[in-house]
Structures are given as C-alpha cells and as structure tokens.
Chemist: 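This structure is in structure tokens; I'll ask about it shortly.
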Amino acid sequence: MKINQNISAVIVNDQLLRNENSVAASVKRLSSGLKFNDAKDNPSGIAISFKMQAQINALNRASLNATDGTSMVETIDGAMGEMTEVLQRIRELCVQAANDTNMEEDREAIQQEIDALKKEVNRISSDTEFNGKTLLDGSLDRRTYVTSEVTLPDGSKKPVSMYDKITNVIISDEVQADNYNVRIEEPAKHAVLTSTGQGTPGSVITEKMEGTVTINGVKAEIKAGMSAEEVYQTIRDAGDAGWVNVFVAKGNPPVPATGAAFDDTMLDTQGYEEDTGGYEFNKTLAFVSQNYGSSEDVTITCDNVELAEMLGISNIPNVELAEIEKYSIKKDSNALTDTSITTTPSPNPGAVKDGVIYINGVAAEIKNTMTAEDAYKALEEAAAKSGTKLSHEDGTDAADYDFSKKLIFTMPPNTSHNILSITFEDPDLGELFGLNTDAEAILTTEYKAVAEGEDAQVSITKQAGTDDIRDEYTGQAVVKTTGNQVVITDKSGFEMSFEVRGDVAYAGTDDVDITIEATDIGTLQLQIGANEDQELAVRVPVLNTKSLYMDDLNVVKKGGPDKGMDTMDKAIGIVTAARSLMGAYENRLDYVKSGLDETEEDMTTAISRLADVDMAAEMTEYTNSNVLTQASISVLSQANDLPQQVLSLLQG
C-alpha cells in the first residue's frame with residue numbers, strides 16, 4: 001500500500017471531472033435547445049448553421065419586400081383604374097359632342113369638361129406616389145437616350161443629345177438593352193397654303209365682294225363693310241375650327257426659314273415668320289395645318305371671284321377655278337314686315353342624305369343617320385344663329401315634325417331691307433325638306449386650293465436607298481410613320497415609338513442619323529431573393545396626355561368628336577395594357593411571396609435538424625452522466641479513506 005500517491009483517488013477524480021463536464025454540456029444543450037453552443041462543439045456544423053440562418057433571415061425580409069412591392073403595384077393599379085374612369089368619361093363626352101342636336105355653345109361646355117379631365121389625367125400622372133416615389137410620370141420606366149453626331153470644324157465628330165427633337169420615346173419590354181440606329185431622312189411637315197392679297201390698305205369689303213371662304217369645311221362669311229382686321233378675325237376663327245392656323249406672314253411671297261433660323265418657335269408655322277403688325281388686304285395670309293402628316297390637309301374655297309382676288313386666294317399656285325351649281329331660295333321685304341319662306345313637301349321625299357343647307361350663310365349639317373327630329377333641330381340651330389325663326393305647320397316642337405310637313409322660315413323686321421336666303425347643292429336634300437319647288441338653280445364660280453402635309457421619312461437600313469436592314473434589327477423589322485409619329489416593329493413583340501420634331505433636320509436635305517440607346521436602367525427593382533441580383537424589375541410606363549396622344553383633343557373643331565373617339569380608344573387601350581401588366585406583376589409577386597415563405601420553412605426545418613438538440617436523447621445522456629457523477633463522488637470518498645487503513649498495520 002502507498003500513502004504518498006493515492007492512485008485510486010486520482011483515477012476516480014479524473015473520471016469524476018469527465019462526468020461533471022458531460023453533465024455540464026448536457027445542461028447547456030438542454031437549457032439552450034441547441035446541439036452546439038460553442039464553435040468547439042461542432043466547428044463545421046456551427047458554420048453551416050449560421051450560413052443557413054442568414055439565408056432564413058434574408059428570405060423572411062425578401063418576403064416582406066414582396067409584400068411592400070405588392071402594395072406599391074396595387075397603388076399603381078388603383079391610380080390607373082381612376083385614370084381609366086377619366087378616359088372613359090372623356091370618350092363619353094366625345095360621343096355626346098358628336099350629336100348634331102348640340103349647339104356650338106353646348107360643345108364648348110363639353111370641351112371645358114374635357115379640358116378639366118385632361119388636367120386630371122396629368123395630375124394623376126404627376127401626383128400618384130408611394131413612400132415619396134412618383135409612380136406614373138415615367139421615373140419608373142426604362143431609360144432611353146437619344147443622341148446624334150455633329151461634325152466639328154476640325155472634321156471630328158461629337159455626340160450631342162437629341163432629347164428635345166426626338167420626344168415621347170416608348171419601348172416595349174421585348175426591346176433588349178442595346179443601341180438602335182435610325183435615319184431621319186425628312187421630318188414631318190404641316191400642310192401649307194399662302195395667299196397674298198391684292199387689295200389696298202385701309203379698304204373694306206364691298207357688296208360685290210361678299211362671299212364665303214371655306215377652310216376645311218368651316219365657313220367664314222365675309223360681309224360688305226368688313227375691315228381687313230374683321231375679315232382676318234373671321235377667317236382665323238374658321239381656320240381654328242378646321243384645324244388650321246391662320247396668321248399674317250412676313251414677306252411677299254413669304255419664304256420659310258431654313259437652317260438654324262428654323263427653331264422651336266416656328267414649329268407651328270412650318271418655318272414661316274409671323275408678322276405681328278396686323279393684317280391689311282395687301283399682306284400675305286398663311287394657312288398651316290395644326291397637325292403633321294399626309295392625312296392632314298388645308299382645303300380653301302372661295303365662292304366670289306372678286307373676294308378671292310382681294311384676299312389673294314386666286315393667286316395660290318395650285319388653285320383651281322370651277323363652276324358650281326347651287327340652288328337658292330331668296331325672299332326680301334321692307335323693314336315693316338316679316339320675311340318668310342314656306343316649303344312645299346314632296347309626297348315621296350326619299351331617304352336622308354349627307355349634305356349642308358345654308359340659312360343666310362349659316363350651315364346646317366344633315367347626316368344620313370339623322371331622324372326627322374334630329375334634322376329639324378339642326379335646321380333650327382342654324383336658323384337661330386342667322387336671326388331666323390323656324391317652325392312647321394303643326395307648331396315648333398321638333399318631336400312633332402316629319403318630312404311630310406311644311407317648314408316655315410321667318411325673319412322678323414330688323415333692318416331697312418330684310419333678305420332671307422336658303423341655299424343648298426344637292427337637289428335630293430332639297431326634295432327631302434320640300435325646298436325644290438321654289439329653288440332657283442344658280443351657276444357660281446368657286447376657287448379651290450388644296451395642300452397636304454407630309455409624313456416623316458425614316459429608315460433603318462445601313463445605307464440610304466438600300467434594303468439592307470441594320471444588324472440590331474431582324475429582316476422582319478417594319479417602320480411606319482403617321483405624321484411625326486414613328487413606330488418601329490420587329491418580331492417577338494419588339495416595338496419602339498417616338499415623335500420627330502419638325503426642326504430635327506431644320507429645312508436642309510441632309511439625313512440625320514440618330515442612336516436610341518435602350519437601357520435596363522430606371523425600372524423599379526424589387527429585392528425578392530436572399531442574395532444579390534435576385535430582383536424583379538417592375539416597369540411602369542409614363543401615362544399622361546402627351547404619351548396618350550390626347551393633349552390636342554378638341555370637340556369644338558371640325559370633326560373633333562370623331563377624332564376624339566378614335567384618340568380615346570387608343571388611349572384607353574394603352575392604359576388598359578399597362579394596367580394588365582400591373583395585374584401580372586401582382587400575381588407574380590403573390591407567387592414570389594408564397595415561394596419565399598415555402599423556402600424559408602424548408603430551410604428552417606433543415607437548420608432544426610442540424611442544430612436543434614433531441615431533448616429526449618439528451619435527457620437520457622444527462623441522467624446517465626448525472627448518475628455516473630454521483631457514483632464517482634461516492635467512490636472518491638472511499639478512495640480517500642484507503643490511506644487511513646495503513647494505521648491498522650502500525651497498531652498491529
């Protein structure tokens with residue numbers, strides 16, 4: 001036996017320490033619920049678990065991002081829904097304005113509401129926001145940059161921005177990020193006619209010069225005694241109603257500005273310089289269509305030869321002189337009695353036809369879609385404007401009128417000599433209203449001049465005049481121009497549209513090569529994944545009256561309601577397509593969120609298998625270690641008693 005070294009106690013103590021460490025580890029695992037609490041417990045396991053936990057946290061945040069994105073897209077969708085309602089109302093107003101039961105002041109009232117609604121469209125575009133971000137003004141759309149090259153004096157070339165001359169650039173989602181080259185061969189042009197008057201400054205219209213100047217179907221009645229300024233105002237108002245700008249042009253004859261002199265201040269005048277010194281009968285009048293393109297024209301007619309010479313209409317280069325047969329009924333009386341015309345209805349009046357009846361020069365347009373009541377209202381409106389009262393043999397109610405009843409036109413005494421005249425060109429129209437019996441055929445001479453605008457000329461070929469299309473397009477690419485609007489389409493939904501301003505190449509003949517750089521910059525990037533570049537690009541197109549091509553909608557002008565209906569159909573289609581895209585984004589984000597939540601759940605399950613302790617197994621291990629610890633303590637006590645047994649030997 002040894003007393004200096006108690007080997008048994010050392011052995012037991014060492015085992016006791018192991019058991020205590022095992023108990024401590026079990027207690028730590030049981031209290032934390034984790035298999036490993038320190039890096040030494042499982043170095044590779046703890047690295048894997050923390051990486052997985054980072055992914056789980058990121059997936060949870062990405063799911064919340066998708067929820068925020070859904071909220072933003074829903075806001076956009078709601079704004080587009082309100083915009084669609086506004087556009088539907090504008091189209092409804094266009095349909096209302098197209099009805100000829102409306103008087104001019106009615107259409108003006110309708111136009112006031114349309115103008116207010118157009119402002120509302122622009123307000124929705126500029127003011128719709130989410131968390132401070134403006135949504136519909138194009139700031140969340142793909143960026144495009146338009147440049148061209150100019151030659152410097154030293155012969156080198158320098159790229160310059162063309163953003164002010166190539167405007168309203170819109171690309172479809174299928175347009176890949178790339179540079180697209182386009183050649184502007186000719187900008188669009190307005191239709192233009194100019195006439196230089198032969199009159200003397202300070203003179204007035206005489207009775208022999210009385211007549212009608214018609215601009216795109218809108219009549220300007222020129223009366224005796226009218227001054228040059230009064231004639232100019234009358235013609236200018238008629239031109240505006242017929243989509244034509246009428247102004248006094250400098251020069252005799254005027255010459256359009258060229259080169260750098262043709263700037264944005266002359267776009268509406270096609271480069272002609274405006275004379276602000278007032279109009280006289282020896283000055284030049286310019287008639288310029290308000291819109292670009294081959295579908296826009298300026299048609300001027302004048303039914304009085306002397307008036308045509310006075311205004312210079314007779315010296316327009318392409319003017320034609322024709323004899324027109326008209327039918328006229330004219331009655332006059334002194335200032336003390338009424339002047340009246342009573343029709344004689346035909347027993348077989350025939351069908352309603354398109355045509356115009358003039359009551360003292362005021363036009364009543366008759367359309368083949370009109371009922372007898374509608375036609376009566378059109379005549380009644382024109383008669384009222386001319387100072388004439390209209391009735392029929394059973395009273396004045398339009399609902400009581402049919403084409404078998406007599407019409408009575410009455411002008412009350414208001415001047416020293418009353419003249420009541422009714423004129424028309426189509427005898428079938430005269431028969432419909434019973435006018436033929438008293439009508440007299442009159443052969444008149446009429447001047448007529450017509451000018452048409454030009455569409456922009458654009459190509460995407462490598463060389464001018466060839467069919468070899470540039471490499472960035474396919475052989476199926478097509479260029480279509482309407483006025484100053486250009487649309488380039490290609491296969492697989494590729495579409496790129498823009499507007500070419502009239503001074504893009506000034507008035508020169510050189511082609512202008514432009515480069516449209518389509519980028520992926522600018523879209524709303526939603527982080528919908530746990531890692532970089534896991535994003536969803538949400539593209540929100542710009543929506544305002546300019547991008548919808550409705551900023552010049554006017555139902556008061558000639559043909560305005562019909563043009564407005566077509567314009568609004570296209571505008572509603574654009575907004576509806578954009579809203580449909582938002583719906584697709586919403587559905588996708590719903591799937592994104594479901595996928596993220598499912599992935600997060602699966603990864604949580606995986607990390608649980610890796611890092612979470614099995615409590616039942618660990619409790620068994622804990623119990624075993626605890627029992628061994630207690631046993632070790634008991635044995636250690638006995639081992640410590642062994643050296644005392646040596647004393648029994650000494651006593652012996």
Side-chain angles (χ1 to χ4, degrees), residues 99-104 210-212 214 217-221 223 301 303-304 322-333 337-415 417-446:
N99 195 354
D100 279 338
T101 58
N102 293 296
M103 298 181 71
E104 184 175 353
E210 282 190 341
T212 303
T214 305
V218 181
K219 294 187 176 293
E221 298 295 332
K223 302 292 185 181
T301 62
D303 61 3
N304 186 308
E323 291 185 340
I324 307 296
E325 187 176 51
K326 295 183 179 181
Y327 298 87
S328 176
I329 305 173
K330 183 177 290 187
K331 293 288 181 70
D332 59 3
S333 65
T337 59
D338 294 339
T339 304
S340 65
I341 295 175
T342 302
T343 66
T344 305
S346 169
N348 185 22
V352 180
K353 296 179 63 177
D354 290 342
V356 182
I357 295 175
Y358 298 96
I359 305 170
N360 276 6
V362 180
E365 293 191 25
I366 308 300
K367 296 184 179 180
N368 58 15
T369 56
M370 286 183 170
T371 63
E373 180 180 351
D374 293 337
Y376 182 88
K377 288 180 179 179
L379 290 173
E380 187 177 40
E381 179 182 343
K385 290 181 180 179
S386 70
T388 305
K389 179 182 178 182
L390 176 64
S391 60
H392 56 81
E393 59 183 274
D394 288 336
T396 59
D397 193 343
D400 296 333
Y401 173 74
D402 60 62
F403 294 117
S404 67
K405 295 181 178 180
K406 295 179 181 180
L407 291 173
I408 302 100
F409 298 86
T410 304
M411 175 181 284
N414 54 14
T415 64
H417 191 68
N418 287 349
I419 298 177
L420 175 58
S421 67
I422 300 175
T423 59
F424 54 95
E425 294 181 7
D426 189 346
D428 291 337
L429 192 63
E431 184 177 8
L432 180 68
F433 292 101
L435 297 169
N436 284 355
T437 302
D438 297 324
E440 177 184 359
I442 301 174
L443 197 63
T444 62
T445 302
E446 182 177 84

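Side chains included, hydrogens not; waters and symmetry mates left out as well; all remaining heavy atoms used. Small disclaimer: the values here were computed from a predicted structure and weren't measured.
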Chemist: Among residues at least two apart in sequence or on other chains, which ones pass side chain to side chain donor-acceptor pair (under 3.5 Å) with D374?
Modeler: T371
Chemist: Would you please test K389 and D338 for side-chain contact (heavy atoms from CB on, under 4.5 Å) and show each step?
Modeler: CA-CA 11 Å; K389 179 182 178 182; D338 294 339; over 6 Å; no
Chemist: Show every side chain to side chain donor-acceptor pair (under 3.5 Å) that has at least one partner inside residues 429-438, sequence neighbours left out.
Modeler: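 Matches after skipping sequence neighbours: S346-E431.
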Chemist: Taking side chain to side chain donor-acceptor pair (under 3.5 Å) as the definition, give me every residue that meets it alongside E365, ordered by chain and number, with sequence neighbours left out.
Modeler: K558
Chemist: Nearest 0.5 Å please: distance from the CD1 atom of I341 over to the CG atom of L420.
Modeler: 4.0 Å
Chemist: Between CG of L443 and CD1 of I324, what distance do you get to the nearest 0.5 Å?
Modeler: 8.5 Å
Chemist: OG1/T396 to CG/L390 distance, rounded to the nearest 0.5 angstrom?
Modeler: 9.0 Å
Chemist: Counting only N and O atoms by type, is there a donor-acceptor contact under 3.5 Å from the side chain of N368 to the main-chain atoms of D354?
Modeler: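 Judged by distance alone, no pair lies under 3.5 Å.
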Chemist: Quick one: does V356's side chain get under 4.5 Å of E425's, heavy atoms only?
Modeler: no
Chemist: Could I get the full list of side chain to side chain donor-acceptor pair (under 3.5 Å) partners for S421, not counting sequence neighbours?
Modeler: N360
Chemist: Minimum heavy-atom separation for S340 and T410, please, with both atom names.
Modeler: CB-OG1, 4.0 Å
Chemist: Taking all non-hydrogen atoms of both residues into account, name the closest pair between G211 and N304 and its distance.
Modeler: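 Heavy-atom minimum between the residues: CA-CB, 4.3 Å.
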Chemist: With sequence neighbours excluded, tell me which residues meet side chain to side chain donor-acceptor pair (under 3.5 Å) with T212.
Modeler: E221
Chemist: So which heavy atom on I442 is nearest to which on S328, and how close?
Modeler: CD1-CB, 3.4 Å
Chemist: Taking the side chain as every heavy atom from C-beta outward, state whether L435 and I357 have any pair of such atoms under 4.5 Å apart.
Modeler: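 A side-chain contact exists here, since the closest heavy-atom pair is under 4.5 Å.
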Chemist: Applying salt bridge (charged side-chain N to carboxylate O under 4.0 Å, His left out), name anything that partners E104, two or more places apart in sequence or on another chain.
Modeler: K385
Chemist: Measure across A382 and A363 and return the closest heavy-atom pair with its distance rounded to 0.1 Å.
Modeler: CB-O, 3.7 Å
Chemist: Please indicate whether E440 has more than 12 foreign heavy atoms, meaning atoms of other residues, nucleotides or ligands, lying under 6.0 Å from its CD.
Modeler: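 Counting other residues, nucleotides and ligands, CD of E440 stays at 12 neighbours or fewer.
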Chemist: Measuring from E380:CD to L407:CG, what's the distance to the nearest 0.5 Å?
Modeler: 10.5 Å
Chemist: For A351, what residues pass the side-chain contact (heavy atoms from CB on, under 4.5 Å) criterion, not counting sequence neighbours?
Modeler: none
Chemist: Over all heavy atoms of both residues, which pair between E393 and I408 is shortest? Give the atoms and the distance, please.
Modeler: N-CD1, 3.8 Å
Chemist: Of all heavy-atom pairs between S386 and M411, which one has the smallest distance, and what is that distance?
Modeler: O-CE, 4.1 Å
Chemist: Nearest 0.5 Å, what's the NE2-CG distance between H392 and L379?
Modeler: 11.5 Å
Chemist: Mind checking salt bridge (charged side-chain N to carboxylate O under 4.0 Å, His left out) for D428 and listing every partner two or more places apart, or none if nothing turns up?
Modeler: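 Counting only residues at least two positions away or on another chain, D428 forms a salt bridge (charged side-chain N to carboxylate O under 4.0 Å, His left out) with K353.
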Chemist: Excluding sequence neighbours, so at least two apart, what forms salt bridge (charged side-chain N to carboxylate O under 4.0 Å, His left out) with K331?
Modeler: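 Salt bridge (charged side-chain N to carboxylate O under 4.0 Å, His left out) check on K331 returns nothing, list empty.
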Chemist: Mind checking what makes ring pair (Phe, Tyr, Trp, His ring centres under 6.0 Å) contact with F433, not counting sequence neighbours?
Modeler: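 With sequence neighbours excluded, F433 shows a ring pair (Phe, Tyr, Trp, His ring centres under 6.0 Å) to F403, given in chain and number order.
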Chemist: Measuring from atom CD1 of I422 to atom NZ of K330, what distance do you get when rounded to the nearest 0.5 angstrom?
Modeler: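 One gets 12.0 Å once the value is rounded to the nearest 0.5 Å.
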Chemist: Residues in side-chain contact (heavy atoms from CB on, under 4.5 Å) with A399, at least two apart?
Modeler: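 A399: side-chain contact (heavy atoms from CB on, under 4.5 Å) contacts with E373, D397.
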Chemist: Could you note down all residue pairs passing salt bridge (charged side-chain N to carboxylate O under 4.0 Å, His left out) where residues 402-411 supplies at least one of them, sequence neighbours left out?
Modeler: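 Listed once each, the pairs are D394-K405.
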